[in-house]
*Asks:* 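Okay, here's the structure, questions in a sec.
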Amino acid sequence: MTDIYVYNTAARGKEKFEPIDPKNVRMYVCGPTVYDHAHIGNARPYTVFDIFYRLLRHVYGTEHVTYARNITDIEDKIMDRAAQEGVSIKTITNRYTKIYQEDMRSLGNLEPDIQPKATEHLPQMIKMMQDLIAKGNAYVAEGHVMFDVTSMENYGRLSGHSRDELVAGARVEVAPYKKDPADFVLWKPSTEEQVGWGSPWGKGRPGWHLECSCMIEKHLGETIDLHAGGQDLIFPHHENEIAQSECTHGKEFVKYWMHNGYLTVDGVKMSKSLGNFYTIRELLEEHGGEPMRLSLLTAHYRQPVDFSNSNAKEQKRRLDRWYRITAGAAAAETVPATVIEALSDDLNTPKAIAALDALASEETADQLLAGAQFIGLLMQSAEDWFKTELSAEHDAWIAENSVKYAEARAAKDFAEADRIRDEAAGQGLVIEIAAGGEIKFKAQ
RNA sequence: GGCGCGAUGGCGGAGUGGCGACGCAGCGGAUUGCAAAUCCGUGUACACGAGUUCGAUUCUCGUUCGCGCCUCCA
């Protein structure tokens, strides 16, 4: 069996991945808050950990791996958006969940086995809070339920932030109902107009971290193998999930933590608040799903990857080459060992891509195809890939001019041929002569 | 201030204690009416300073620079 090694954030180093139960490998990835279009930076974890899911299925067997990726459908930003548009939060979350699911498909990500929603887990959340209060890890204050960080000895272990450092940093929100400035919210009260659920502490809504602890508990168990997400979730989100789950269950919550680096624009983190973002949707429309998927995989997942249109175009050309080589080939039975080896070493996708390039020749086209499809590329026929979308005007223009062009060339009337070529350019068309002499019209 | 990550050729990006991964671009050539595509060839790169070593881009320490987290954030 292939040995997988992963960089475990909790251990600050690479470790051999040994699941608790190889017959039941469980992984969880923090999914989106559905209040707006997701940007391409958001797509990175979903894409790189999709590769890891594929690897786990390859090594342990498809039926022995369970992958959950949640959808956060209650959060203040959703409420703000709903209020702005004067619609219910359900309208907002339904709209953006649908868009997100479509984006995931376009990027070639497999559907997780479970996609739990926060709003469907209120009973679990209430139960967990009651447990935490009973155990002395949480307290009620002014309609809030707060987690008491001083009740947990090793709070901050994952992120390396001690409670004292957090308070010294003076960036924690000081609120009168907090016993300690570093305490965080499990439940907060809602006003009459705000969305809320009934609870023993009055009408309210959950804090951000609680849902993941509860959904993991319900769908995957008290201890899981892998939990992953962006580096910005290490603190506070994952730290607080650990606090909630470990204090509730009295046992280890997650064996391996994986965190991806950021996607940057001009070297700066892409984020909604900075406004330097591109939505997944707009880039998919401009470059297509497979080129975008491949560009997300060109850097190792823990390194930053700088988004650029030129990179997307470079990957498009690489795919052109791969599609050309594999046209008509059948995928090999087994995935090339070089690809599996690269991915098994802490998800080294750049090395896997290099391994595919090494197979990019006629003789090994079947292996190239098998390896590329393993990571979700070369999923369509070469014919479909190279088929360009031409408008009705283009079709009409081609019908009128293609014969004239062929005749001009045949008669060696190159002045006329060039004239037609120029006219084509004016129409947004490129005329290409294939190796066999076939004339092709492509949209620019 | 605390904690963490990084620095490889024009660009992207692996990797290794001693052979210049790979891709793009560039350059030269083949092919081509032109163009595109394709094919062949082509590169004195490892931030700086010490140390360990027969030998360091690779290990150790320090310096500089860049980025991130400590507040919502993938």
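All values reported here derive from a predicted model rather than from experimental measurement. The chains referred to below are lettered A, B, ... by the order of the sequence lines, with proteins before strands, and numbering in each begins at 1.
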*Asks:* Looking only at the side chain of Phe235(A) (C-beta and beyond, no hydrogens), which of the listed nucleotides C69(B), A37(B), A74(B) gets closest?
*Replies:* C69(B)
*Asks:* Taking NZ, NE, NH1 and NH2 as the nitrogens, is one of them in Arg293(A) or Asp50(A) under 4.0 Å from a carboxylate oxygen of the other?
*Replies:* yes
*Asks:* Could you tell me whether Lys412(A) contacts a base, only the sugar-phosphate backbone, or nothing, with contacts defined as non-hydrogen atoms closer than 4.0 Å?
*Replies:* nothing
*Asks:* Which base, if any, makes a Watson-Crick or G-U wobble pair with U57(B), both distances under 3.5 Å?
*Replies:* none
*Asks:* In whole Å, measure the gap between the P atoms of C65(B) and G23(B) for me.
*Replies:* 37 Å
*Asks:* Which part of the nucleic acid, if any, lies within reach of Ile353(A) when heavy atoms closer than 4.0 Å are counted: base, sugar-phosphate only, or nothing?
*Replies:* nothing
*Asks:* Tyr46(A) has a side chain; which of C24(B), C34(B), A74(B) sits nearest to it?
*Replies:* A74(B)
*Asks:* Applying a 3.5 Å limit to both distances, which nucleotide forms a Watson-Crick or G-U wobble pair with G12(B)?
*Replies:* C22(B)
*Asks:* Check step by step if side-chain hydrogen bond (donor to acceptor under 3.5 Å, both in side chains) holds for Glu217(A) and Ser245(A).
*Replies:* CA-CA 8 Å; Glu217(A) 175 192 58; Ser245(A) 294; over 6 Å; no
*Asks:* Closest approach to the side chain of Ala417(A), judged atom by atom: which nucleotide of G2(B), G33(B), G23(B) is it?
*Replies:* G33(B)
*Asks:* Expressed in whole Å, how much space separates the P atoms belonging to A45(B) and U8(B)?
*Replies:* 14 Å
*Asks:* How are the rings of His121(A) and His219(A) set to each other: parallel, tilted or perpendicular (split at 30° and 60°)?
*Replies:* perpendicular
*Asks:* Could you identify the nucleotide paired to C72(B), looking across every strand shown and requiring Watson-Crick or G-U wobble geometry with both distances under 3.5 Å?
*Replies:* none
*Asks:* So which nucleotide does A45(B) pair with, by the Watson-Crick or G-U wobble rule with both distances under 3.5 Å?
*Replies:* none
*Asks:* Distance check, P atoms only: C22(B) and C40(B), in whole angstrom units.
*Replies:* 13 Å
*Asks:* If the P atom of U64(B) is compared with that of A37(B), how far apart are they to the nearest Å?
*Replies:* 48 Å
*Asks:* Say you pick atom C1' in C19(B) and the same atom in C27(B); how far apart are they, in whole Å?
*Replies:* 26 Å
*Asks:* Could you check which of C72(B), G2(B), G23(B) has an atom nearest any side-chain atom of Glu314(A)?
*Replies:* G23(B)
*Asks:* Indicate yes or no: does Lys77(A) engage Asp36(A) in a salt bridge with an N to O separation below 4.0 Å.
*Replies:* no
*Asks:* Which residue lies toward the 5' end of RNA chain B, His39(A) or Ala358(A), if each is placed at its nearest nucleotide?
*Replies:* Ala358(A)
*Asks:* Among A37(B), G33(B), G15(B), which nucleotide sits nearest the side chain of Asp418(A)?
*Replies:* G33(B)
*Asks:* Check every strand shown and say whether Ile234(A) touches a base, only sugar-phosphate, or nothing at a heavy-atom separation below 4.0 Å.
*Replies:* nothing
*Asks:* Let's test this: given Watson-Crick or G-U wobble pairing with both distances under 3.5 Å, identify the partner of U52(B).
*Replies:* none
*Asks:* Any strand is fair game: report the nucleotide pairing with A30(B) by Watson-Crick or G-U wobble, both distances under 3.5 Å, or none.
*Replies:* U38(B)
*Asks:* Are any of the side-chain nitrogens in Asp320(A) or Arg324(A) under 4.0 Å away from the carboxylate oxygens of its partner?
*Replies:* no
*Asks:* Using a distance-only criterion (donor-acceptor N/O pair, under 3.5 Å, no hydrogens), is the base of C34(B) paired with the side chain of Arg421(A)?
*Replies:* yes
*Asks:* When the P atoms of C54(B) and G49(B) are compared, how many Å lie between them, rounded to an integer?
*Replies:* 22 Å
*Asks:* Heavy atoms only, 4.0 Å cut-off, all strands: where does Asn348(A) land among base, sugar-phosphate and nothing?
*Replies:* sugar-phosphate
*Asks:* Go ahead and name the base partner of G6(B); Watson-Crick or wobble counts if both distances stay under 3.5 Å, otherwise write none.
*Replies:* C65(B)
*Asks:* On the side chain of Asp232(A), is there an atom forming a donor-acceptor pair with the base of G68(B) - under 3.5 Å, no angle test?
*Replies:* no
*Asks:* For nucleotides G6(B) and A14(B), find the distance between their P atoms and express it as a whole number of Å.
*Replies:* 11 Å
*Asks:* Taking for each residue the nucleotide of RNA chain B with the nearest heavy atom, is it Glu432(A) or Gly229(A) whose nucleotide lies nearer the 5' end?
*Replies:* Glu432(A)
*Asks:* Base, sugar-phosphate, or nothing for Gln303(A), non-hydrogen atoms under 4.0 angstrom?
*Replies:* sugar-phosphate
*Asks:* Taking 4.0 angstrom as the limit, do Glu102(A) and Arg281(A) come out as a salt bridge?
*Replies:* yes
*Asks:* Which nucleotide in the list A35(B), A74(B), C72(B) gets nearest to the side chain of Glu75(A)?
*Replies:* C72(B)
*Asks:* I'd like to know whether Phe441(A) forms a ring pair (Phe, Tyr, Trp, His ring centres under 6.0 Å) with His394(A), so could you lay out the CA-CA distance, the side-chain angles of the two residues, the decisive distance to 0.1 Å, and finally the verdict.
*Replies:* CA-CA 9 Å; Phe441(A) 296 83; His394(A) 285 154; over 10 Å; no
*Asks:* In whole angstrom, give me the gap between the P atoms of A21(B) and C46(B).
*Replies:* 13 Å
*Asks:* Any N or O donor-acceptor pair under 3.5 Å from the base of G66(B) to the side chain of Tyr262(A)?
*Replies:* no
*Asks:* For Gly41(A), which contact category applies under a 4.0 Å heavy-atom criterion: base, sugar-phosphate, or nothing?
*Replies:* base
*Asks:* Quick check for you: among G33(B), C69(B), A25(B), whose closest atom lies nearest to any side-chain atom of His161(A)?
*Replies:* C69(B)
*Asks:* Arg409(A) has a side chain; which of A35(B), G33(B), C22(B) sits nearest to it?
*Replies:* G33(B)
